[in-house]
Amino acid sequence: MSSFAPESKGVGSDSDASSYDAEDAVFFPGIDKIGFNSSAGHGETMVYRQYNPSEVVLGRTMEEWLRFSVCFWHTFRGTGADPFGFPTLTRPWDDGSNTLANARRRLRAAFEFFTKLGVKYWTFHDRDISPEGATLEETNKNLDEMADLALKLQNKTGVKLLWGTSNLFANPMYMNGAASNPDAHIFAYAAAQVKKCMEVAMRLGAQNFVFWGGREGYHTLLNTDVRMEQNHLAAFFRMAAAYKKKIGFTGNLLIEPKPKEPAKHQYDYDAMTVIAFLKTYGLDKEYKLNIEPNHTTLAGHGYEHDVVMASAFGLLGSVDSNTGSPDLGWDTDQFPMDVKNSTQVMRVIIEQGGLAPGGLNFDCKVRRESTELRDMFTAHIGAMDTFAKALKVAAAMKNSGLFDKQIKERYGSFSEGIGKKIDEGTTDFEELEAYVMGKGDPVAASGRQEHYETMFNTFL
Ligand code: XUL
Ligand code: CO
């Protein structure tokens with residue numbers, strides 16, 4: 001996310017926002033619950049043609065496999081402002097004020113949106129849903145008040161909280177980092193903020209709690225002690241895990257890697273960096289990863305790379321299912337519309353037996369030029385259909401057995417003889433040398449990349 005604007009001003013509109021204060025106010029008039037119709041015409045984009053929640057794929061419903069979630073920050077706090085232009089996304093219920101009344105309207109609009117879309121989960125940062133006050137005490141009081149309303153709306157609609165997280169990056173106090181800040185007082189404030197947010201998330205039945213280290217990194221090494229900063233980060237994560245146990249919160253704790261933006265270098269660079277960090281500090285039993293593919297591509301990897309790596313080490317907890325623009329070099333947080341990329345992700349999710357208690361969270365924002373309320377719907381519908389189709393394609397690939405069989409054959413030399421001994425750890429360099437001397441030099445086999453790529457295409 002890059003356009004987070006907790007105190008965005010100027011998002012006013014001609015309509016009177018307070019007319020949405022009534023309990024029964026309708027925020028999206030003229031838009032009904034989105035239905036499923038697999039034969040809808042090409043021009044219809046307010047309908048699901050792939051996502052049929054109750055359809056069973058590989059023994060589970062689509063809804064169970066996909067666990068879609070809408071994020072509050074982009075979809076209900078995004079203004080369309082960018083470094084070159086003012087807000088473009090005018091929401092009639094949002095008067096741009098930093099008041100609790102405005103926060104309440106946004107939250108009620110959000111639950112109408114989730115319900116009409118038919119999405120069962122949502123995610124938020126503490127500061128998206130609730131305005132900061134003059135002191136931490138006042139800020140916490142506001143958050144409690146907003147949590148009361150969120151709980152009421154969750155109970156009324158059946159929508160659940162996939163995860164909550166603390167915004168430890170927007171407040172100017174955090175400009176030099178939160179848990180990696182050189183000032184212990186700011187470290188303490190960040191700890192207090194997470195403590196409160198975790199309590200609120202638990203009260204709302206969160207299934208996970210996410211940490212994205214927005215400003216945990218450096219801009220110049222000339223003023224930075226990188227080891228001390230990472231020791232502090234580890235201390236912070238250790239205390240968060242201890243507090244989770246203390247209060248009996250049973251959700252998963254997840255760290256979300258990102259290589260850069262806003263910091264020049266962020267410590268949670270990519271999946272393998274976070275895994276090494278967790279193992280270095282003995283935290284790998286307490287934390288899993290929330291992977292965002294746009295961050296993965298920012299790190300210079302292919303779209304599905306971090307999902308594959310995290311899962312391979314048993315640490316894939318959830319996915320912020322978005323995409324970058326392959327021809328741009330920053331975090332554009334676009335809605336994922338590429339079936340091939342999403343299929344690669346769904347293959348991993350199928351292989352590890354699902355994502356629960358994680359899910360596919362749309363950490364995505366409509367383009368600043370997509371200004372109509374219905375664009376909020378079509379963006380999510382298009383992305384959900386993309387992943388639903390990807391699920392079906394990945395299931396067909398799995399059912400064919402072709403990839404499993406050919407990959408198994410490719411590594412076949414490790415299932416017997418000397419290969420088996422390597423895997424079992426029962427051989428050594430001397431024996432391996434003797435093996436080659438006895439057998440003669442090996443001949444390299446083709447990797448057949450184009451064969452695999454062509455085979456993949458046949459399933460699309
Ligand atoms: C930032 C990002 C965040 C996290 C939650 O790029 O993705 O929105 O998902 O803080
Ligand atoms: Co994210």
Side-chain angles (χ1 to χ4, degrees), residues 1-6 67-79 82 121-130 161-171 174 177-180 190 193-194 197-198 200-201 206-217 233 236-237 240 251-271 274 287-299 301 303 306-307 310 316-325 328-336 345 355 358-366 383:
M1 85 190 244
S2 29
S3 73
F4 183 87
R67 296 172 59 81
F68 289 129
S69 158
V70 174
C71 86
F72 193 82
W73 53 98
H74 287 313
T75 302
F76 290 90
R77 301 303 312 273
T79 65
D82 75 5
Y121 297 93
W122 71 302
T123 52
F124 67 78
H125 296 83
D126 41 12
R127 303 302 180 244
D128 316 328
I129 58 167
S130 162
L161 182 58
L162 186 68
W163 50 261
T165 187
S166 283
N167 179 326
L168 303 175
F169 44 91
N171 190 305
Y174 293 129
S180 65
Q193 188 179 330
V194 166
C197 188
M198 203 186 278
V200 165
Q207 306 201 358
N208 307 270
F209 191 86
V210 165
F211 295 84
W212 170 57
R215 295 190 192 269
E216 315 292 22
L233 264 177
F236 193 88
F237 286 133
N252 276 345
L253 301 181
L254 307 175
I255 296 180
E256 182 173 326
K258 186 174 184 181
K260 53 189 162 189
E261 200 206 344
K264 172 175 107 162
H265 172 87
Q266 305 212 183
Y267 293 130
D268 302 332
Y269 194 91
D270 62 359
V274 172
Y287 287 83
K288 288 190 168 185
L289 276 62
N290 179 42
I291 299 296
E292 178 167 325
N294 198 166
H295 297 174
T296 309
T297 51
L298 266 182
H301 306 306
Y303 185 87
D306 271 2
V307 166
L316 179 64
S318 201
V319 176
D320 268 4
S321 43
N322 69 359
T323 186
S325 203
L328 289 176
W330 63 91
D331 195 9
T332 56
D333 285 323
Q334 287 174 229
F335 283 86
V345 170
L355 259 189
L360 295 175
N361 174 49
F362 292 118
D363 188 351
C364 312
K365 56 186 181 218
V366 291

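Just so it is clear, the structure is predicted and the values come from calculations on it, not from any experiment. Remember, it's 1-based here, ligands and their atoms both numbered in the order they're listed. Values reported hereafter were calculated over all heavy atoms of this structure, with side chains retained and with hydrogens, waters and symmetry mates removed.
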Under 3.5 Å between some N or O of ligand 1 and some N or O of [X]?
X: Trp212; result: no
X: Asp333; result: no
X: Asn290; result: no
X: Trp163; result: no

Problem - Heavy-atom nearest neighbour of atom 8 (O) of ligand 1 within options Asn322, Leu298, Asp363 - result: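 Closest candidate by heavy-atom distance is Asp363.
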Problem - Heavy-atom side-chain proximity of Asn361 to Ser318 below 4.5 angstrom - result: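 Contact flag for Asn361/Ser318 side chains = no.
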Handout entry: Any Val319 side-chain heavy atom under 4.5 Å of Pro293 side chain
Key =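 In contact.
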Handout entry: Whether Trp73 lies under 4.0 Å from ligand 1, heavy atom
Key =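 Yes, Trp73 has a heavy atom closer than 4.0 Å to ligand 1.
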Practice task
Apply ring pair (Phe, Tyr, Trp, His ring centres under 6.0 Å) to Tyr269 and list each qualifying residue two or more places apart in sequence or on a separate chain.
Solution key: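 Per chain and number, Tyr269 pairs via ring pair (Phe, Tyr, Trp, His ring centres under 6.0 Å) with His265.
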Handout entry: Angle, OE1 of Glu292 through the Co ion (ligand 2) to OD2 of Asp363 - 10° precision
Key =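 Asp363 OD2 and Glu292 OE1 form an angle of 90° at the Co ion (ligand 2).
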Problem - Plane angle bin for Trp73 and Trp163 - parallel if under 30°, tilted between 30 and 60°, otherwise perpendicular - result: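 Correct class here is tilted.
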Handout entry: Residue from Thr296, Asp268, Asp331, Asp270 passing side chain to side chain contact (heavy atoms under 4.5 Å, CB included) with Lys258
Key =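 Single pass found, and it is Asp331.
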